[in-house]
Amino acid sequence: MIYRFDDRFVIEGTQIAYVFDVDARGRLVHQYLGGRLHESDYAELPDARVLHSSFETPEGVAAYEFSSFGDLVYTEPTLKSETSGERLHAFTLQDAAIDGDTLAITLHDSLQRLTVTLTFNLYAAYDIIERKLTVRSEAATTLESVQSFSLGLIDRDMRLSHFSGLWTGEFQLQQGPLLPGKKTIESRRGLTSHQSNPWFALDDAATEETGEVVYGFLGHSGNWAIHFERDQFGFTQVTGGLNPFDFKKTLQPGESFTTPSAYIGYTQDGFGAMSRNAHDFERDVLMPEVTRETLRPVLYNSWEATYFDVSEDGQKRLVDEAAKIGCELFVVDDGWFGERHSDAAGLGDWHVNTTKFPNGLDPLIRYVENKGLQFGLWVEPEMVNPDSDLYRAHPDWIYHTNGRPSTTSRNQFVLNLALAEVEAHVTNLLDDLLSKHAIRYIKWDMNRAFSEPDSPHLGEAKELWLRHTEAVYRILDTLRAKHPGVAFESCAGGGGRIDLGVLSRVEQVWTSDNTDALDRLTIQEGFSYAYNAKMMSCWVTDAPNWLNARSLPLAYRFVSAMQGTLGIGGNLLEWSEDDLKESKRWIETYKSIRPLVQHGTSYRLASLKTDGFHAMGYTDGEDYVALVNADRRQYGKNKLRVKLAGLDPEKTYTYDGRALSGRYLMQQGITLTQQTDYDAFCLVIRPA
Ligand code: GLA
């Protein structure tokens with residue numbers, strides 16, 4: 001529900017109330033973000049401005065939902081632009097339209113002759129508000145900073161949660177007090193990044209089950225930034241969107257631009273509820289509609305088994321084993337095209353290597369289909385190796401600057417998708433691939449960040465960051481429209497491109513190249529704060545693991561990988577008969593609990609960091625499964641007590657032949673006996 005009292009606007013969801021005023025200068029002054037009040041209370045809220053001194057803001061220190069450059073406001077502006085040499089603005093409120101769950105506030109700037117529309121879309125059931133900003137210009141305008149949202153928060157001591165990370169170590173949850181000063185999380189790398197992720201949460205002593213949490217996401221896969229600015233009055237400005245660093249967007253007269261969306265959420269029930277609301281919102285609202293109701297298949301991927309050494313025969317032998325243990329989708333990874341025998345050559349030459357596949361891909365695809373599996377393929381279409389026919393033909397198709405050597409990373413360059421001809425080339429080659437072959441799944445990879453971000457052919461090089469991501473989105477949108485039966489996975493050397501922008505275009509993401517089941521638990525736990533289990537691709541791979549040389553029991557590897565969309569990524573040709581039989585049983589078990597994991601509600605039950613073991617619970621409101629990974633066994637101790645969450649306390653459940661109340665299972669919990677290091681358990685609990 002959205003209300004208006006004079007110049008005060010109220011957005012109200014299930015728990016959230018979000019209140020701001022529009023002042024005479026077109027600034028949106030934050031007033032309240034918290035639990036819902038009575039309707040009449042909103043008009044009574046005191047003005048949040050604090051009058052202090054001429055060195056603060058004489059009109060009052062405040063926090064804003066929109067502010068522009070040039071006022072006595074020094075936090076990150078929501079908009080900074082220049083029109084015919086004019087840098088300042090003179091905004092006034094032009095219109096405020098409430099249409100169901102959408103509020104559109106339109107401001108007009110008489111100096112730069114701009115119209116700005118701030119859109120707030122309320123998703124009341126999830127307590128999430130989508131924010132975006134549209135700028136329309138009457139004259140030629142250069143946008144220097146155009147943010148998806150500004151968010152004012154007042155009178156709160158807050159802790160900030162966000163992710164840091166690295167390749168093979170994504171989603172490391174960082175938590176610490178937000179102190180006076182400025183903190184920015186961002187990417188300047190051209191992609192979402194492993195190092196940081198466009199998600200945050202702010203709380204004051206919330207726990208997993210209790211307390212207020214304000215959180216947010218940005219839906220953008222290129223350069224992004226979120227700034228947190230806290231002052232001495234306890235006012236906090238959070239501003240986020242396209243990274244203003246090295247940014248430019250030019251609008252021609254009459255043109256308009258809409259920012260990527262940001263999503264701001266609120267809960268009174270702690271981090272667990274925050275995650276559950278976000279997961280539901282992602283799955284119900286954002287993710288591709290065609291596959292929303294469909295469970296993700298168990299996939300097999302050949303990367304860790306063969307690396308670049310793929311061939312029709314070798315892949316067929318893997319198909320046999322993958323089919324026997326119950327896989328449903330067979331994905332050929334890197335190495336199938338061009339002269340791709342290592343990472344040093346071939347990217348860009350997207351035709352089948354006929355030494356490896358003498359009759360093309362189709363015989364393998366038919367083989368896969370005859371075994372009852374779908375066929376999927378890996379591509380990395382934004383890249384080119386210097387040693388490729390594409391680069392030899394078009395050396396100027398990469399980001400570069402004349403007179404300076406271009407830097408390779410993983411022996412490759414980034415293609416300049418900001419150029420229309422390069423975008424068209426990539427669109428056509430992928431369209432062709434999907435038109436000619438029965439491909440049901442594309443793993444879209446991107447294995448390096450940008451360097452030499454310049455483009456001699458492009459009028460304004462600073463535009464390339466945004467244009468690249470827009471091109472990637474357009475290509476994905478075109479392919480999805482033309483090939484609606486194809487599912488996509490977003491991969492960038494693991495979890496380098498995971499965000500709510502790409503999520504509306506893909507079914508899955510490759511969480512991390514780290515397939516060590518122990519490391520994965522921490523990565524997956526971090527991931528679960530922001531992102532849902534269905535989108536989270538997880539593989540069971542060989543022991544010892546390629547990364548940490550750790551050998552973990554097969555059961556442990558399965559229980560870890562079953563916490564998302566399960567895949568198998570090991571060399572099955574080298575697995576023992578016993579391991580293959582055990583894998584078949586685990587895959588059957590996974591299929592039986594898959595609706596709970598992929599479409600259910602999840603609960604973080606125990607964490608390696610705080611509890612010494614890891615446990616997740618999943619339920620559809622009736623059935624329940626808990627997946628438990630023990631750590632090393634120490635000092636002869638052998639008991640793990642797993643307290644479940646999310647059951648009906650008054651209901652009776654059966655577990656292991658015993659009848660137990662929901663109350664018992666949540667308060668007393670289930671006591672497990674750990675035999676040795678790295679035991680793992682899959683506990684199925686059903687209503688009696
Ligand atoms: C990236 C991906 C891997 C694999 C390789 C292939 O690292 O994350 O899963 O596809 O590329 O080169």
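In listed order, ligands and their atoms are each counted from 1. Computed from heavy atoms alone, side chains included, the values below leave out hydrogens, waters and symmetry copies.
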Gly494: numbered ligand 1 atoms lying under 4.0 Å from its heavy atoms: 8 (O)
Taking atom 7 (O) of ligand 1 as the reference point, the nearest protein heavy atom with its distance: Asp513 OD2, 2.8 Å
4.0 Å heavy-atom contact, Arg410 with ligand 1: yes
Side chain proximity check, Tyr263 to Tyr215, heavy atoms < 4.5 angstrom: no
Top protein contact for atom 2 (C) of ligand 1, by heavy-atom distance: Asp445 OD2, 3.0 Å
Cation over ring face, Arg604 and Tyr529, 6.0 Å, 45°: yes
For atom 12 (O) of ligand 1, closest protein heavy-atom neighbour: Asp334 OD2, 2.6 Å
Lys/Arg N to Asp/Glu carboxylate O, Arg317 vs Glu321, below 4.0 Å: no
Heavy-atom pair with the smallest gap, counting every atom of Trp378 and Arg340: CH2-NH2, 4.3 Å
Any N/O pair Trp539/ligand 1 closer than 3.5 Å: no
Heavy atom of the protein closest to atom 9 (O) of ligand 1 (residue, atom name, distance): Lys443 NZ, 2.7 Å
Mode of Asn301 contact toward ligand 1 - side chain, backbone, both, neither (heavy atoms, under 4.0 Å): neither
Identified side chain to side chain contact (heavy atoms under 4.5 Å, CB included) counterpart of Ser187 within the set Ser196, Ser193, Ser221: Ser193
Close-contact set for ligand 1 against Trp510 heavy atoms, below 4.0 Å: 8 (O), 9 (O)
Where ligand 1 meets Asn447 - atom numbers and elements under 4.0 angstrom, heavy-atom basis: 1 (C), 7 (O), 11 (O)
Test item, Glu380 contacting ligand 1 (heavy atom, 4.0 angstrom): no
Shortest protein contact, atom 10 (O) of ligand 1 (heavy atom only): Asp333 OD1, 2.6 Å
Glu304 versus Trp546, side-chain donor and acceptor atoms under 3.5 Å: yes
Asn197 side chain to Asp499 side chain, donor-acceptor N/O pair below 3.5 angstrom: no
Check ion pair Arg188-Asp246 (N to O, under 4.0 angstrom): no
Short side-chain donor-acceptor distance under 3.5 Å, Asn243 and Trp465: no
Subset of ligand 1 atoms that lie under 4.0 Å from at least one heavy atom of Cys491: 2 (C), 8 (O)
